[in-house]
Amino acid sequence: MAFTRKRQREQQLQLYSKERFSLLLLNLEEYYFEQHTAFHVQSQASHEERKTRGSLKICSKSVIFEPDAISQPIIKIPLRDCLKIGKYGENAANRHFAKAKSSGISLIFRQVYFIKEHNIVAPYKIERGKMEHVFELEVSGKVEDVVETLLQLHRASCLDKLGDQTAMITAILQSRLARTSFDKNRFQNVSEKLHMECKAEMVTPLVTNPGHVCITDTNLYFQPLNGHPKPVVQITLQDVRRIYKRRHGLMPLGLEVFCTEDDLCSDIYLKFYEPQDRDDLYFYIATYLEHHVTEHPAESYTLQWQRGHLSNYQYLLHLNNLADRSCNDLSQYPVFPWIINDYSSPELDLSNPGTFRDLSKPVGALNQERLERLLTRYQEMPEPKFMYGSHYSSPGYVLFYLVRIAPEYMLCLQNGRFDNADRMFNSIAETWKNCLDGATDFKELIPEFYDEDVSFLVNSLKLDLGKRQGGQMVEDVELPAWASSPQDFLQKNKDALESSYVSEHLHEWIDLIFGYKQRGSEAVGAHNVFHPLTYEGGVDLNSIEDPDEKVAMLTQILEFGQTPKQLFVTPHPRRITPKFKSVSQASSYSTSVTDSPVSPGEESFEDLTEESRSLAWNNITKLQLHEQYKIHKEAVTGIAVSCNGSSVFTTSQDSTLKMFSKESKMLQRSVSFSNMALSSCLLLPGDTTVISSSWDNNVYFYSIAFGRRQDTLMGHDDAVSKICWHNDRLYSASWDSTVKVWSGVPAEMPGTKRHQFDLLAELEHDVSVNTINLNAVSTLLVSGTKDGMVNIWDLTTATLLHQISCHSGTVCDAAFSPDSRHVLSTGVDGCLKVIDVQTGTLISSMASEEPQRCFVWDGNSVLSGSRSGELFVWDLLGAKISERIQGHTGAVTCMWMNEQCSSIITGGEDRQIMFWKLQY
């Protein structure tokens, strides 16, 4: 669990410092400056003095004394409540401390807090009334400096305006930082080279700790100004796995560093004073990572999730991370959805859709009666309008759930108090009911509800959280009847999150929280509009000149909660699940996607070869060159193979169509239709006719049996770049900016007569079309153009479904995955792009140093031919190149793979065709 792991790390640091004191004892936005060994001097009735040894902490808004004896409470004196501060003897009231030494500091005040007596976490005890405490420093020579510091901080605390207070304290802090620098003696090795040093603050939940950041050629260091909780935090750069820029307080000042691949809890979160410092440090670490860690693009997570390689839980963690959610920032804590709607039944039925919450609606819209009241208020509200007066994620809501494991955080947030016992997190069912019915309660859940650690549900610390109106004490969280234990509750929550129903609908919730329904008219239509200040870019703090207004605005934003960074601006793709076919198939488009021959649960011929295909693709990196032949005078442009695999037909820019026998290893035919280059070829299923496209604007039909050209289709005004065929229809792409669909092309064309080709459809583009491909059932067509656009067409209606700008330059190749869910494209820019067919969303992007001219793929892995002549094997889900195989001496220009995926033929600019075999 994220928060538990964070607490464990902080407790380890706490053990290092051997203190009860923590920065959570400070007020929000307060700084801890320095500490001094001191004695708390108390007078007795007998006029004797009792001295308690401990540590005096000087903070920006308070003085804190931590006694060495844990039986004694920590004393916290707010500076704003001080009436007089001075050296011993300067205050008239000091007569009770006549025996105190000249190293004494006297504070006269009207309010004091007593905290963690006997080291028990409990609400703070408050004592009011005029009183005096004297603290005697162990080093008497520091008294004047400490008193001067306290007087300066006291003046800041007593300023009328909050903005003026903040400005003065900030000036004091910056002055202290300017007078110090990173201690180079803290380097791990004397040979380390310093690259950068700057001021920053280390961020933990509710706390920021100022100090100095230093980066060398091997380590990242942070040295707290106050030396708490340890003198230096050090991270070895070689251990860093991920690094993210963060917005902190709505400003681009944060940087979070992870030494793990999947953990939500980072190793350090830094907030800088200047965006440039943040960017410079990010650049240095990112440059280091490029040489030591394989980059994992964010987009690949969607593809991994869609194809079942990431669980719903893992995917939501990744999205939260990408959307600036961090367990170090409670105003941007990771957000997870309520999944279950039934907390009253004795058994939980995950096969019943009624068990689940409607994921297409925000929490505030789940109760129609409440929603109507909210909409009435919304319509009457002046601009800027919002539907909900509270957010679905805020520091208060996070600690509401976590109070049993993070009581000190709750006390910090609520000025030393727990919430009213009846408003605590007492029951799962009560909490859900309040989220449905409450006038201002719209909160979602946190990752802990889907993890394994049950501690947040159990009062294992034996905290006194108060007594409810019915007389019962607040103890463990009351679980629903269908959960036999906290462990069982979390397990069933996890099962629900990974269920088929949620897998089919989770994209709808993602649209609300991270996607296109987060803002604008779509948000209004989805009843998903929150206060404008919660959105990224909702306010420019730099434009606010009034310091009071700026502080008030920032405080409001941090306490109210923040909407995640928007990750998607188009509908999020749905997950591929066995139940996907139950989705409405009202349109020809949805039918074309769902009726793929390899849809789960269908028996077909495809299933019989699925095992051999999987085996082949699992071993694709073991591809070995078997034979190679130079049969053309210029680059090979197309490859087609007869059903029995004995004859190979190729086209070339040398204008010839050639027929090569694999058995005799000899050239059997060579045909030229004109003096212009041929661009592609295909063999009709009867193995009697080869069709070739040409740069002379024509498509040629060649009869193998008769050994002659049997027909010519003159259908374009510029070069024909690619042809496809299915079910008596021919599809031709051209540089004249069209793709044309022709009927009257049977699988076996008689060679004795000319044919009547009827134009069924013309798919118009803005620029030249370079490549096309069909999906498995030929209801969809993808086209790639010279301006980098990828277009997906519904062939049943001849309409454009999606147009996606994918590449900076010509699209080299584009093809559907076997299940028709995705399109992969390659371009002259060297990029591989994966598009979700249903939504048209670009969900993955990978880059290479050179263009990949052609490819074949199975939806997860890609075998591509590069400009250099190498064959690349790509792991799309792992976002990496798995293998590079030496091949042609020039660019690989075309590629063919057999149905079992075990045999590959490539053609290249070196005029050769190469035969490849898989070696298991």
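FYI, the numbering just counts along the sequence from 1.
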Is there a donor in the side chain of [X] and an acceptor in the side chain of [Y], or the other way round, less than 3.5 Å apart?
X      : Y      : result
Asn312 : Arg575 : yes
Glu201 : Tyr31  : yes
Asn27  : Lys76  : yes
Asn434 : Glu430 : no
Ser390 : Asp441 : no

If you measure from [atom1] on [X] to [atom2] on [Y], what distance do you get to the nearest 0.5 Å?
X      : Y      : atom1 : atom2 : result
Ile339 : Thr355 : CD1   : OG1   : 12.0 Å
Phe530 : Asn528 : CZ    : CG    : 5.5 Å
Gln314 : Glu498 : CD    : CD    : 8.0 Å
Asn226 : Cys59  : CG    : SG    : 8.5 Å
Phe386 : Tyr535 : CZ    : OH    : 11.0 Å
Leu461 : Leu463 : CG    : CG    : 5.0 Å

Between [X] and [Y], is there a donor-acceptor pair closer than 3.5 Å when you use the side chain of the first and the backbone of the second?
X      : Y      : value
Arg574 : Glu504 : yes
Gln562 : Thr534 : no
Trp482 : Lys492 : no
Gln72  : Thr52  : no
Thr236 : Asp239 : no
Glu444 : Ser393 : no
Arg404 : Ser460 : no
Gln234 : Tyr221 : no
Asn209 : Met202 : no
Asn320 : Leu322 : no

Exercise. Do the ring planes of Trp432 and Trp338 sit parallel (below 30°), tilted (30 to 60°) or perpendicular (above 60°)?
Worked result: tilted

For this session: Take Lys116 and Glu408 through the salt bridge (Lys or Arg N to Asp or Glu O under 4.0 Å) test and state the conclusion after the steps.
Result: CA-CA 10 Å; Lys116 294 179 80 172; Glu408 291 177 86; 3.2 Å; yes

Using every non-hydrogen atom in the two residues, find where [X] and [Y] come nearest and quote the distance to one decimal.
X      : Y      : value
Trp305 : Ser311 : CD1-O, 3.9 Å
Asn341 : Gly354 : ND2-O, 3.7 Å
Asn426 : Ala421 : ND2-O, 3.0 Å

Problem set entry | CA sep, side-chain torsions, deciding dist, call: Tyr501, His505, side-chain contact (heavy atoms from CB on, under 4.5 Å) | CA-CA 6 Å; Tyr501 178 89; His505 294 278; 3.6 Å; yes

Go through the structure and list residues passing salt bridge (Lys or Arg N to Asp or Glu O under 4.0 Å) with [X], not counting sequence neighbours.
X      : result
Glu369 : Arg373
Arg423 : Asp419
Lys494 : Glu452

Exercise. Is any side-chain N of the basic residue among Arg246 and Glu256 closer than 4.0 Å to the acidic one's carboxylate O?
Worked result: yes

Exercise. Should we count CD of Glu508 as having more than 12 external heavy atoms under 6.0 Å?
Worked result: yes

Exercise. Near Lys271 NZ, under 6.0 Å, is it more than 12 heavy atoms from other residues, nucleotides or ligands?
Worked result: yes

Exercise. Under the criterion side-chain contact (heavy atoms from CB on, under 4.5 Å), which of Leu399, Leu402, Leu457 is the partner of Phe425?
Worked result: Leu457

Give a yes or no on whether the ring-centroid distance for [X] and [Y] is below 6.0 angstrom.
X      : Y      : value
Tyr392 : Tyr397 : no
Phe449 : Tyr401 : yes
Phe21  : His228 : yes
Tyr313 : Tyr450 : no

Seminar exercise, completed: From the list Gln518, His531, His391, side chain to side chain donor-acceptor pair (under 3.5 Å) with Thr563 holds only for His391

